[in-house]
Amino acid sequence: MMIIDRAAYDREANRLLFRVVHEVAVRHAGRPFDEVVQVLRRDLPGSPSLAEEEIRRIAEQISVGRDPSGL
């Protein structure tokens, strides 16, 4: 894969990641932490994959009503 193609792929993968986080935040803001973690695990794309610690950090933000996507 060419570097430009890889950069475009990475950029699109990150956009998808942020869109999913935003959608989860909108639908599940203020919900219990464990529920948000489950939804994130189910809905997040496999690439780029997030470490469990990062998923839990995002879930904490959403469970208190914040949207960590920045969208």
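For Glu12 and Arg15, the salt-bridge test passes: some basic side-chain N is under 4.0 Å from an acidic carboxylate O. Using a 4.0 Å cut-off between charged nitrogen and carboxylate oxygen, Arg41 and Glu52 count as a salt-bridge pair. Taking a cutoff of 4.0 Å between a charged side-chain nitrogen and a carboxylate oxygen, Arg57 and Glu54 qualify as a salt bridge.
Distance check, rounded to the nearest 0.5 Å: CG of Leu40 to CG of Leu50 gives 8.5 Å. Considering CZ of Arg56 and CG of Asp34, their distance stands at 7.0 Å, rounded to 0.5 Å. From Glu23, atom CD reaches atom CG of Asp67 across 10.5 Å, with rounding to the nearest 0.5 Å.
Val24 and Leu16 fall within the same hydrophobic cluster, defined by Ile, Leu, Val, Met, Phe, Trp and Tyr side-chain heavy atoms under 4.5 Å apart, directly or through other members.
Crowding of Phe18 atom CZ: a count of heavy atoms from other residues, nucleotides or ligands under 6.0 Å not exceeding 12. Counting heavy atoms of neighbouring residues, nucleotides and ligands inside a 6.0 Å radius, atom CZ of Arg66 does not exceed 12 of them.
Taking every heavy atom of both residues into account, Ser63 and Pro32 meet most closely at CB-C, 4.3 Å. The heavy-atom pair separating His28 from Ile62 by the smallest distance is O-CG2, 3.8 Å. Heavy-atom minimum distance, His22 versus Ser69: CB-OG, 3.3 Å. Closest approach of Gln61 and Pro68 over heavy atoms only: CB-CG, 3.9 Å.
Counting heavy atoms from C-beta outward, Val21 and Asp43 have side chains that stay 4.5 Å or more apart. Two residues are said to be in side-chain contact when any heavy atoms from C-beta on lie closer than 4.5 Å; Val39 and Arg27 meet this criterion.
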